[in-house]
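Counting starts at 1 for both ligands and their atoms, in listed order.
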Amino acid sequence: MLSHHVQRLGRDWVSHWCLTQRLFRDGQAFQHMKQIESCCPHLNLQDRPVRWRLPLLWNWHLPNLTQNSSIHLCPAMMKAEGDEPHLKRRRRSSRDQDISHSPNEKLSTLSSNEASSSPPQHEEGSAQKPRGVVKRLWEYYCEKSKKMKVLEEDQPISQDHQDTPVKFDFTVLSYNILSQDLLEDNSHLYKHCRQQILAWDHRFPNILAEIRQMDADVLCLQEVQEDHYGTEIKPSLEVLGYHCEYKMRTGRKPDGCAICFKTSKFRLLSSNPVEFFRCNIPLLDRDNVGLVLLLQPQFSCKAPTAAICVANTHLLYNPRRGDIKLTQLAMLLAEITNVAKQEDGRFCPLVVCGDFNSVPHSPLYNFLKDGKLNYEGLAIGKVSGQEQSPRGNRILTIPIWPQSLGISQDCMYEEQEKQLEKERETQETKEASLENSEGIIIVAKRLPTDLQHCFRLSSVYSHYLSDSGAPEITTCHSRSAVTVDYIFYSAAKDNSRAAEPVSKDVFDGGLNLLGRLSLVTEQDLWAVNGLPNEANSSDHLPLLAKFRLEE
Ligand code: KL2
């Protein structure tokens, strides 16, 4: 499976023969391939033509395909998401200062108030820095160290699980592709970019080329603009073998979330859009959405699991409105609970992707992963962790959302919760009479400020690079460089990756994380002019993970 995937990735690299030759001349490609082969003989790289070996290097080098190099950034026609503040939390290290003042940037202009804290703005006609080539490597799970590792020469091989009777491998990509309307509404965030690279005609071919090269079986895309979706994105992805499902935001912003899957790998069982806007609930006056699919894997033999559930969302940006973000998340979780619930009462394996506009280890992030949050005394500006010192300190109300929303504190639809309670009671009565015990059922004391959901999820990424400990960055522009994008999944019981918690026994099977495409640091990104740049055409990086579903 893996080597086949590598082959498919590799075919797309034939077109980048110049890079191939350069890397081989430098000896880098060969060296890296040798390392991979020595660690993973099951990849059988020896048998492949040379051109199939390159994708594992994963150096982006996308050609400038644009014909039309001019762009007119129109003034914002609509107010950006409510009255959102302009500053996101921004981590500036001394290293970044060095970058801003590096000799390479002599010709860049720094505006007086941004000179020390923001990347330089580009002047048309200024000397070019290197093209945006971000080096990202495949990291594979190492059974021995129980860690994700870039393959090295002395690394033992234990990946192939040859004795697994029934297995299904698939890859998932999560990518906020930056809608052109939002780019133009928030043009102040992209002053470091040459106008030419911000044109949709430049960006779309690059984004499509990235998606083609990664060749994921499932794509979770955010900020997919409706007109571009209809005319370019959907038709192009269909040519690549994807079936596409789309949910546009409510309100006036014409972008939304898409989930696309290879029809050769999955069949659509159901598609469930989620709107977070409710006209009768003042708290829920924002237009964000989610999309939840139930997919049936196309196994070559008898399927061990009937379905997997894939969810995608883009939560509210506003760093101060953690109350809205948490409610939006609860609404998404209620839909996931509904869709993923099987007849036997357990849940099918889950993959939850998206741009959560929340940083790692923030209360919202912890809640999503751990399945519980006590929000007593928590300021709404602290929920997402986007700002270290949020203005205002309004505390979350108890409860956060009104009962009229119809979603319980367990993030379930009230109806489903009642049904579940009934089932549980019947089960407990049965167990008590069987054991003939004193029938003491210990119920954990539940506070009114306790939020819960049914799942415990693991994150594909660990948010800090394993070698340097530097924070991984998924989005970067002139005001922010943080992780806000994630791929979460329900881990198989024996697959507690990188100190991630094991899923509760509520899942019917689970997923093994086989590998991921490594992320990079803020410094790495500013070394290629930040995002978007010549080759990376969004202000986010794509996240990519490979999973195995086992019997
Ligand atoms: O952070 V994002 O970018 O996940 O990449 O999600 C939102 C922001 C997206 C959808 O609302 O638009 C961006 N300052 C900075 N970014 C903003 C703002 C703002 N005031 N408003 C919207 N976005």
State whether a side-chain donor-acceptor pair under 3.5 Å links Q222 with N312.
yes

Below a 4.0 angstrom heavy-atom separation, can you tell me which part of L178, side chain or backbone, both or neither, approaches ligand 1?
neither

Any idea which part of K253 is under 4.0 Å from ligand 1, heavy-atom wise: side chain, backbone, both or neither?
neither

For the residue pair F455 and H453, does the interplanar ring angle fall in the parallel (under 30°), tilted (30 to 60°) or perpendicular (over 60°) class?
tilted

Look at the aromatic rings of H192 and W526 and report parallel, tilted or perpendicular, splitting at 30° and 60°.
perpendicular

Check: H361 main-chain N/O paired with N366 side-chain donor or acceptor under 3.5 Å
yes

Under 6.0 Å between ring centres, would you say that holds for Y461 and Y486?
no

Among H477, Q222, R249, closest by heavy atom to atom 10 (C) of ligand 1 is R249

Between H188 and ligand 1, is there a nitrogen or oxygen pair with a distance under 3.5 Å?
no

Please confirm whether T475 comes within less than 3.5 Å of ligand 1 when only nitrogen or oxygen atoms on both sides are compared.
no

By salt bridge (Lys or Arg N to Asp or Glu O under 4.0 Å), D255 pairs with (sequence neighbours left out) R249

Return the set of residues passing salt bridge (Lys or Arg N to Asp or Glu O under 4.0 Å) with E275 (not counting sequence neighbours), or none when no residue passes.
K247

Go through ligand 1 atom by atom and flag the ones less than 4.0 Å from a non-hydrogen atom of [X].
X: D355; value: 2 (V), 4 (O), 5 (O)
X: L189; value: 15 (C), 16 (N)
X: H540; value: 4 (O), 5 (O)
X: L182; value: 9 (C), 10 (C), 12 (O)

Should R479 be listed as contacting ligand 1, given a heavy-atom distance under 4.0 Å as the test?
no

Return yes when N357 approaches ligand 1 closer than 4.0 angstrom through a heavy atom, no otherwise.
yes

Name of the residue among F367, F356, F547 meeting ring-ring contact (aromatic ring centres under 6.0 Å, His included) with F488
F356

